[in-house]
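Structure first, commentary second.
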Amino acid sequence: MKIKNFVIISHIDHGKSTLADRFLEITETVKKDKMKPQYLDSMDLEREKGITIKMTPVRMEYSFKGEKTILNLIDTPGHIDFNYEVSRSLAAVEGAILLVDATKGIQAQTITNLDLAKQEGLTIIPAVNKIDSPQARTEEVKKEIKELLGFTEEEISAISAKTGEGVVLLLEKVIDKVKSAPDNSDKPLRALIFDSQYDPFLGVVSNIRIIDGSLKTNEKIYFINSQAQGVVKELGIFKPERVPVQELSSGEIGYVATGIKDPEKIRIGDTIVLLGEEGLASPLPGYKNPEPKIFVSLYPKEQADFELLKTALLKLKLNDSALFFEQQSFHVFGRGFLCGFLGSLHAEITMERLRREFGLDLVVSSPQVLFKAKGNQGKEELIYSPTNWSDDFKNFSEPWAEVRIIIGSAYLGRVFDFINSLEGKHIDSYPFGENRYLLVYEMPLREIIGKFYESLLNITQGFASLTFKEIGYRPADLVKLEILINGKKEEAFSRILPRRKVNAEARRMVEKLKEVLPRQSFSVPLQGKVGGKIISRETLAATRKDVTAPLYGGDYTRKKKLLEKQKEGKKKLKEKGEVKIPPEVFLKVFGS
C-alpha cells in the first residue's frame, strides 16, 4: 500500500483537533461508539484550554479510486512556543493541511507555520474551516488565503470539521496531492525521533519516522547525536493506541521502545541507526538543542517533594526537548530548580502539568530572559538568573525579537501607543485583508514574556494575534536590583532590570513587601539597592504589645522600667535580624 504522511497545521483554536476527529471517523480507525471530541488530545489540560500540547500520531487506512492507502497523521501543537517540535514533525511527513478559521481569517501563527512547512518542501493543502458558523466569512477568508498566501481558488477547500461537510473531499485531496513516502528500504537504517514518552516497563518510548531502511524487534540501535545505545524491546504503530508489530519499514511512522531508562539520553530530532552501522548513515538534518528563551525558578512548597520534582522534570523533558533545568537553592525555599522555557505558554503548561500529573505544589519566581555580558578576561558570560550576576560584568546584551501582530484597523492608534511605551521599534505596517492590519515591530524579548499578549488582547477587545522570532542580541544597560530585609540581602528577591526601570520597580517591591510581610516584634527596614546605593526604602512597623496592661495603679517608674526593658529586647531582636519569610510572600510580590 502507498503511504501518505501528513500533518494539520493551524493557529490555536482553528479546529485542528476536531478535523482529526472526523478523519478518525471517516477511516473507521475509531468506532463511533468509542468516539469522543478531541480524541487525540488525551490530556485534560488540552481539552480545557482548547489547544494541542503533545504531538499525537495516528495511522489510518482509506480506500480511494479502488486502492487502499496508509495515512499517517501527526496532530501537532499550534503555539509558537512549540515550534521546534512542530518543525521535527514536519520533517517526518510529506504534506500538510493548512487550516484557517472562516470566522477569524489568517492569524499571525498561521503565517509562521506555513513558512516552516515550506522550508521542509511539503505539499500544502489550504482549507477554510467552520463554514457552518453564522459568523463565517468563507469567501472573504478564501480571498485572503489567495491574495496573501499565494494559493489559487481551486486549491482551497471549504469544510466544517464540526459537521463533516467537505471533510471526505479534503481527505481524498490529501491522498491525491501529497507525495507517497519514498521506498528507501534498501538503504541503511535512519529513523527520525519526533517525540518521546516514558513507560515504567519499557523505558523511553520514542515516536519515529523510518526515513531509510527498516527496523525489527531485538535489534541493537545507536543514537547519533546523544551517542546512546539501546535494544528494540518493542515496535509498533498508533491506531491511535499503541499496537505492536514485528517490523517498521521505510516511510512508516510508529514507535520504538528503546529499553533506555535514562530520559536524558533521548533527544527529539536525533537520528537512530543500527549499532555497528554508524559510519554508513549520516545524521538527518535539522537536529538542534533548542535554546530556552525565559528562565523561572521552581521550588516545591514541601521540601520532601524535591526528589519528586526532579523525577517529574526528567519525565517531562522526554517529549519536551526544550525544557532546561538545573538545581539551585535559597535558604528561604530550600532546594529547587532553575528552569528554562521557550516562552510564557510553555512555562505555564509545564507548571500546570507538574501540578496535575505529579501532584506538586510549587513556588514560582517571575520569568527572566537570558542576558549576556563580558567578564574580567573578556570572556562571554551567560546570566540565567540574578545569582550568577557579577559586579565585574560589563558590555551587557539582551535578546530582541521581531514581532508580527495582526489587529483590527480600529485599534491601530491604541496599539501603536502601547508598543511604543515598551521600547518597541516600528519596522513596518500594512493592510492585511479587509479591515485588518499587520504590524511588524522589533523589541526586547523581556517585554514580550510577561503580560504583553494579555494587554494587547485587552486593548483590542480580544481581536489580536501575534507571533515572534528571536533576531539576536543587542546592547543593554542592565543593573541588578537587590532587596535588603533588616539589612540582610535576600537573594530570592533579586532581579535584573534595565537601568531606566529599576527605580520604579525598587519602590514597587518594598511597598509590596511592607504590605505582605508578616509584622515582627521589632521594626524592619525594607530597602532596594543597586550597586552600593539604596534607592528605595519602607519600614515594616513592629507589632505592639502593651506590657504595662497587667499593672493597676502604682508608681509610674514601674511602667517606665517595663517599657525600657521592652525597648531593649526589641533592639536585641533587631540586631539578630532573624526575619522569617513565608514562601507565599514570594508569590505575592512577583504575582502582582
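Each residue takes its place number in the sequence, starting with 1.
- Rounding to the nearest 0.5 angstrom, the gap separating the CG atom in L170 from the CG atom in L99 is 8.0 Å.
- By the 6.0 Å and 45° rule, R209 does not stack over the aromatic ring of F194.
- In this structure a side-chain-to-backbone donor-acceptor pair under 3.5 Å is present from T27 to F23.
- Between R356 and E352 there is a salt bridge, since a side-chain N of the basic residue sits under 4.0 Å from a carboxylate O of the acidic one.
- Around the NZ atom of K239, the shell of radius 6.0 Å holds more than 12 heavy atoms that belong to other residues, nucleotides or ligands.
- Using a distance-only test at 3.5 Å, with no hydrogens or angles considered, no donor-acceptor pair links the side chain of S133 to the main chain of K130.
- Between S180 and K4 the shortest side-chain heavy-atom distance falls below 4.5 Å.
- Counting only heavy atoms from C-beta outward, the side chains of D361 and R355 never approach each other to under 4.5 Å.
- For the residue pair S206 and I266, the shortest heavy atom distance occurs at OG-CG2, 3.3 Å.
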Apply the test side chain to side chain contact (heavy atoms under 4.5 Å, CB included) to residues I97 and V7: give CA-CA distance (whole Å), side-chain angles for both, the deciding distance (0.1 Å), then the verdict. CA-CA 6 Å; I97 295 173; V7 297; over 6 Å; no
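- Not one N or O on the side chain of K469 forms a donor-acceptor pair closer than 3.5 Å with the backbone of E402.
- With rounding to the nearest 0.5 angstrom, the NZ atom of K317 is 11.5 Å from the OG atom of S196.
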Hey, mind stepping through D199 and R242 against salt bridge (Lys or Arg N to Asp or Glu O under 4.0 Å) and telling me if it holds? CA-CA 12 Å; D199 186 289; R242 294 200 305 235; 3.0 Å; yes
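- The pair K179-E94 does not count as a salt bridge, with every side-chain nitrogen at least 4.0 angstrom from each carboxylate oxygen.
- Checked against a 6.0 Å centroid threshold, the rings of F371 and F396 do not count as neighbours.
- No donor-acceptor pair closer than 3.5 Å links the side chain of N225 to the backbone N or O of R267.
- Below 30°, between 30° and 60°, or above 60°: for Y384 and F295 the angle between ring planes is above 60°, a perpendicular geometry.
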Run the numbers on K2 and I70 for side chain to side chain contact (heavy atoms under 4.5 Å, CB included), then give the verdict. CA-CA 6 Å; K2 289 181 180 176; I70 293 172; over 6 Å; no
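- Between the side chain of S63 and the backbone N or O of G66, no donor-acceptor pair lies under 3.5 Å.
- The CZ atom of R22 sits 7.0 Å away from atom OG1 of T18, with the distance rounded to the nearest 0.5 Å.
- Two residues are said to be in side-chain contact when any heavy atoms from C-beta on lie closer than 4.5 Å; L148 and I111 fail this criterion.
- The pair E398-R474 does not count as a salt bridge, with every side-chain nitrogen at least 4.0 angstrom from each carboxylate oxygen.
- Contact annotation: the side chain of L19 approaches that of I159 to within less than 4.5 Å [non-hydrogen atoms, C-beta and beyond].
- Between N5 and V178 there is no side-chain heavy-atom pair separated by less than 4.5 Å.
- One finds the CZ atom of F6 at 13.0 Å from the CG atom of L90 (value rounded to the nearest 0.5 Å).
- Of all the heavy atoms in Y453 and S465, the pair that sits closest is OH-CA, 4.1 Å.
- Taking CG of D101 as the reference point, atom CD1 of I131 lies at 12.0 Å (rounded to 0.5 Å).
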List the steps and the verdict of side-chain hydrogen bond (donor to acceptor under 3.5 Å, both in side chains) for Y255 and Q197. CA-CA 10 Å; Y255 69 88; Q197 305 86 35; over 6 Å; no
Stepwise side chain to side chain contact (heavy atoms under 4.5 Å, CB included) check, L122 with I124: CA-CA 6 Å; L122 303 188; I124 313 294; 4.2 Å; yes
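- Taking each heavy atom of G251 and A181 in turn, the nearest pair found is CA-CB, 3.7 Å.
- Closest heavy-atom contact between F468 and L466: CD2-CD1, 3.9 Å.
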Does the pair K142 and E147 meet the rule for a salt bridge (Lys or Arg N to Asp or Glu O under 4.0 Å), with working shown? CA-CA 9 Å; K142 274 188 174 183; E147 293 179 357; over 6 Å; no
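- Taken from OG1 in T103 to CG in N129, the straight-line distance is 9.0 Å, to the nearest 0.5 Å.
- No salt bridge links K104 with E144; every basic N to acidic carboxylate O contact stays at or beyond 4.0 Å.
- The side-chain heavy atoms of L316 and F358, taken from C-beta on, include a pair separated by under 4.5 Å.
- The main-chain N or O of P182 is found under 3.5 Å from a side-chain atom of S250 such that the two form a donor-acceptor pair.
- Checked by atom type and distance alone, the side chain of S409 pairs as donor or acceptor with a backbone atom of N435 at under 3.5 Å.
- Heavy atoms of other residues, nucleotides or ligands lying less than 6.0 angstrom from NZ of K501 number more than 12.
- Residues L456 and V415 have side chains in contact (heavy-atom distance under 4.5 Å, counting atoms from C-beta outward).
- Within 6.0 Å of atom CD in E28, 12 or fewer heavy atoms from other residues, nucleotides or ligands are found, so the atom counts as exposed in its surroundings.
- Across all their heavy atoms, T271 and L284 have their closest contact at OG1-N, 2.9 Å.
- For the pair K146 (side chain) and T152 (backbone), a donor-acceptor distance under 3.5 Å is absent.
- Looking at E120 and K118, no side-chain N of the basic residue comes within less than 4.0 Å of a carboxylate O on the acidic one, giving no salt bridge.
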Step by step, work out the ring-ring contact (aromatic ring centres under 6.0 Å, His included) result for F324 and F337. CA-CA 10 Å; F324 161 88; F337 291 92; over 10 Å; no
Chi angles and distances behind the side chain to side chain contact (heavy atoms under 4.5 Å, CB included) call for V440, V403: CA-CA 6 Å; V440 183; V403 185; over 6 Å; no
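- A side-chain donor-acceptor contact under 3.5 Å links N420 to the backbone of F416.
- The shortest side-chain heavy-atom distance between T69 and M1 does not fall under the 4.5 Å cut-off.
- In this structure, A102 and V128 approach most closely via the heavy-atom pair CB-CG1, 3.5 Å.
- Here R508 pairs with E505 in a salt bridge; the nearest charged N to carboxylate O distance falls below 4.0 Å.
- Checked by atom type and distance alone, the side chain of R59 never pairs as donor or acceptor with a backbone atom of E252 at under 3.5 Å.
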